[in-house]
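Numbers for residues simply follow the sequence, beginning at 1. Both ligands and their constituent atoms are indexed starting at 1 by order of listing.
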Amino acid sequence: MEKIISLSKRRGIIFPSSDIYGGFGSSYDFGPLGVEIKRNIKEAWWRDMVQMHSSVVGLDAAILMSPKIWEASGHLSVGFADELVECKECHKRFRLSELKEEECPECKGRLTEPKQFNLMMKTFIGSLEDESAISYLRAETCQGIYVNFKNVLDSMRLKLPFGIAQIGKSFRNEITTKNFIFRMREFEQMEMQFFCDPKDADKWFDYWKEERLKWYENLGLNMDNLKIYEVPEGDRAHYAKRQIDVMYNFPFGWQEIEGIHNRGDWDLSRHSKYSGVDLSYTDPETKEKYTPYIIETSVGVERSLLAFLCDAYQEIEGGRTTTTESTKEIETVLKFHPKLAPVKIAVLPLLKNKPELIKKSEEVFNMLSKEFICQYDEAGAIGRRYRRQDEIGTPYCITIDFDSLEKNDVTVRDRDTMEQERIQISELVEYFKEKIKD
Ligand code: ATP
């Protein structure tokens with residue numbers, strides 16, 4: 001993890017938030033490359049979950065919502081609280097579920113009895129800071145979906161089963177925030193809520209589970225590092241009739257990256273009760289009336305990014321790109337799937353002090369950057385430039401040499417095979433489109 005954290009900072013993927021002020025508890029900023037990876041993850045998710053499913057539509061609900069929503073959802077009661085203990089000596093707090101011993105893991109001091117600690121982030125709306133002004137930053141994006149169920153159903157003329165998908169920020173006042181971006185207080189979720197007839201809930205649960213596993217596989221994740229855990233009754237979230245945690249084998253152990261839940265009719269029944277608005281559904285053919293069941297898939301953008309990053313990280317011994325330098329050196333390669341790579345193509349003129357090569361390289365860059373995120377780099381020996389690109393996971397490097405001027409072609413180098421091919425400049429866009437699609 002230390003190496004991944006340091007690479008992330010050095011190469012502009014992830015910075016600690018408020019860095020020049022010494023950081024700010026478990027908040028992180030995504031740098032120029034991190035923001036591209038995040039965008040790629042979100043785009044891949046939206047494409048697979050919304051664009052490619054005619055029965056799924058999108059939504060972008062507000063972060064600030066009526067506090068009644070959080071009463072109805074159970075988040076303001078014990079349903080959304082962690083059990084905490086405090087050390088009587090050093091006064092640090094710990095999640096009871098994460099303690100391995102009965103004493104303080106930091107100073108071995110004695111611990112208090114566990115207390116409930118609610119994770120909702122409170123805020124005040126408007127100029128008064130009294131009880132009536134209290135609101136909350138949403139702790140999950142899905143509540144915005146449930147309270148829009150009727151709006152979407154009526155406005156889009158949909159029939160069950162159908163899904164509503166959303167990507168957006170969520171906030172939780174987490175207690176333990178170790179392990180880099182694994183657990184943060186501000187993070188993004190990609191959630192899809194599928195509304196169906198209760199009779200079909202098991203079938204849809206299995207369907208979405210398979211779809212979600214395929215998503216990871218299609219994005220190149222090593223499936224040996226992924227497993228599912230069927231959460232037994234008693235350990236499930238307060239709303240879940242069935243729950244699967246999709247677990248990834250992080251350097252710090254197996255941890256959840258995605259939750260798939262059968263939420264039953266919990267959400268719509270509760271919102272019907274608390275709002276007074278009937279959220280049941282009448283089947284237009286059978287005239288049967290019921291409260292739909294919800295199958296939810298919920299994954300964190302940053303948490304999945306961390307999984308993809310750990311999975312892509314490879315150290316290769318022996319200096320595979322630099323032949324003249326030490327062969328004992330270790331080279332770092334991020335073997336991202338081309339779809340996730342922050343930079344798809346690096347454009348590298350062979351020499352920087354040759355104006356004709358620079359001019360041609362700029363032409364190639366301008367042509368390709370209309371279609372792909374590209375980087376232009378003319379500084380340093382070519383081997384070293386390849387290496388800089390390998391380190392950020394760029395799948396393809398293009399070099400422009402003197403032959404390029406005459407033959408209008410370039411050398412394309414593949415990050416993984418390191419094979420090089422000459423390709424006509426006029427064919428490059430099609431060539432890369434073919435390579436980068438899945
Ligand atoms: P955990 O047990 O790890 O706190 P959870 O079971 O509370 O997670 P859910 O409420 O099911 O998580 O949220 C769904 C997904 O949202 C998680 O699988 C994770 O990817 C992401 N997520 C939840 N909390 C955080 C957080 N504090 N930081 C980053 N991602 C998070």
Side-chain angles (χ1 to χ4, degrees), residues 14 17 24-30 34 38 41-42 45 49 70 73-75 78-84 94-98 117-121 136-146 165-193 205 208-209 212-213 215-216 221 226-232 234-250 252-263 266-267 294-311:
I14 302 161
S17 155
F24 187 68
S26 88
S27 290
Y28 288 90
D29 298 339
F30 286 77
K38 258 181 127 178
I41 290 176
K42 289 190 270 185
W45 187 87
M49 298 297 286
W70 303 108
S73 69
H75 281 76
V78 287
F80 194 59
D82 273 348
E83 280 196 300
L84 285 196
F94 307 94
R95 274 176 149 197
L96 185 63
S97 60
E98 287 180 1
F117 180 83
N118 194 283
L119 300 180
M120 294 293 291
M121 286 231 196
Y136 301 90
L137 302 185
R138 69 180 173 204
E140 54 186 25
T141 57
C142 54
Q143 296 300 328
I145 294 180
Y146 307 142
Q166 174 164 227
I167 301 178
K169 288 246 170 169
S170 293
F171 302 81
R172 295 181 188 180
N173 199 4
E174 300 277 5
I175 314 309
T176 42
T177 53
K178 54 184 193 278
N179 293 332
F180 198 30
I181 58 170
F182 178 79
R183 190 185 303 287
M184 297 187 293
R185 301 202 169 96
E186 172 184 344
F187 55 97
E188 273 187 279
Q189 288 184 307
M190 306 185 282
E191 298 197 304
M192 196 282 304
Q193 312 295 320
F205 189 99
W208 285 110
K209 181 185 102 185
R212 294 305 303 140
L213 294 177
W215 187 76
Y216 292 103
L221 204 83
L226 208 70
K227 70 177 181 194
I228 53 173
Y229 170 63
E230 180 89 44
V231 181
D235 289 349
R236 292 179 203 145
H238 63 276
Y239 47 73
K241 283 190 176 311
R242 187 176 167 200
Q243 175 173 350
I244 276 177
D245 289 348
V246 180
M247 316 275 286
Y248 180 76
N249 188 12
F250 287 101
F252 45 87
W254 288 95
Q255 294 286 345
E256 171 189 333
I257 54 172
E258 170 155 2
I260 301 171
H261 308 120
N262 175 353
R263 299 180 68 124
W266 163 263
D267 303 280
I294 294 171
I295 306 301
E296 159 183 76
T297 73
S298 172
V299 52
V301 176
E302 296 86 354
R303 210 179 267 189
S304 60
L305 186 151
L306 186 60
F308 285 120
L309 184 61
C310 293
D311 217 63

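- Ring planes of Y248 and F250: perpendicular class, angle over 60° (limits at 30 and 60°).
- Atom 23 (C) of ligand 1 has R172 NH1, 3.5 Å as its closest protein atom, hydrogens excluded (heavy atom only).
- When each atom of ligand 1 is checked for a heavy atom of M184 under 4.0 Å away, the hits are 26 (C), 27 (N), 28 (N), 29 (C).
- Counting heavy atoms under 4.0 Å from ligand 1, residue D245 does not touch it at all.
- In terms of protein heavy-atom proximity, atom 14 (C) of ligand 1 is nearest to S298 OG, 3.0 Å.
- R303 NH1, 3.0 Å is the protein heavy atom nearest to atom 3 (O) of ligand 1.
- Heavy-atom contacts of H261 reach the following atoms of ligand 1: 11 (O) (cutoff under 4.0 Å).
- Side-chain contact between F252 and F182 is present, with heavy atoms from C-beta onward closer than 4.5 Å.
- Below 3.5 Å of separation, one finds no N or O of E191 facing any N or O of ligand 1.
- Rounded to the nearest 0.5 angstrom, N173 CG and E186 CD are separated by 12.5 Å.
- The two atoms that bring I228 and L213 nearest to each other are CG2-CD2, 4.1 Å, heavy atoms only.
- With sequence neighbours excluded, no residue forms a salt bridge (charged side-chain N to carboxylate O under 4.0 Å, His left out) with D311.
- Salt bridge annotation for E191-R138: absent, with no cationic side-chain nitrogen under 4.0 angstrom from a carboxylate oxygen.
- For the atom pair CD (E188) and NZ (K38), the distance works out to 4.0 Å, reported to the nearest 0.5 Å.
- Close N/O approach between V299 and ligand 1 is not found [any backbone or side-chain N/O within under 3.5 Å].
- Close contacts of ligand 1 with E174, meaning ligand atoms under 4.0 Å from a residue heavy atom, involve 24 (N), 26 (C), 27 (N).
- A salt bridge is defined here as a Lys NZ or Arg NE, NH1 or NH2 lying under 4.0 Å from an Asp or Glu carboxylate O, and R303 with E258 fails to meet this definition.
- Of the protein's non-hydrogen atoms, the one nearest atom 22 (N) of ligand 1 is F187 CE1, 3.5 Å.
- Given atom 4 (O) of ligand 1, the protein heavy atom at minimum distance is R183 NH1, 2.5 Å.
- Rounding to the nearest 0.5 Å gives a distance of 7.0 Å between CG of L226 and OH of Y216.
- Residue E140 has no nitrogen or oxygen atom sitting less than 3.5 Å from a nitrogen or oxygen atom of ligand 1, judged on distance alone.
- Counting atoms of ligand 1 from 1 in the listed order, those under 4.0 Å from a heavy atom of F182 are 28 (N), 29 (C), 30 (N).
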How far apart are the C-alpha atoms of Y28 and F180, what are their side-chain angles, what is the distance that settles it, and do they pass the ring pair (Phe, Tyr, Trp, His ring centres under 6.0 Å) test? CA-CA 9 Å; Y28 288 90; F180 198 30; 5.3 Å; yes
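- When only non-hydrogen protein atoms are considered, atom 6 (O) of ligand 1 lies nearest to E256 OE1, 3.2 Å.
- Which parts of ligand 1 touch E258 is read off a 4.0 Å heavy-atom cut-off, strictly below it: atoms 18 (O).
- Here the heavy atom of the protein found nearest to atom 16 (O) of ligand 1 is Q189 NE2, 3.2 Å.
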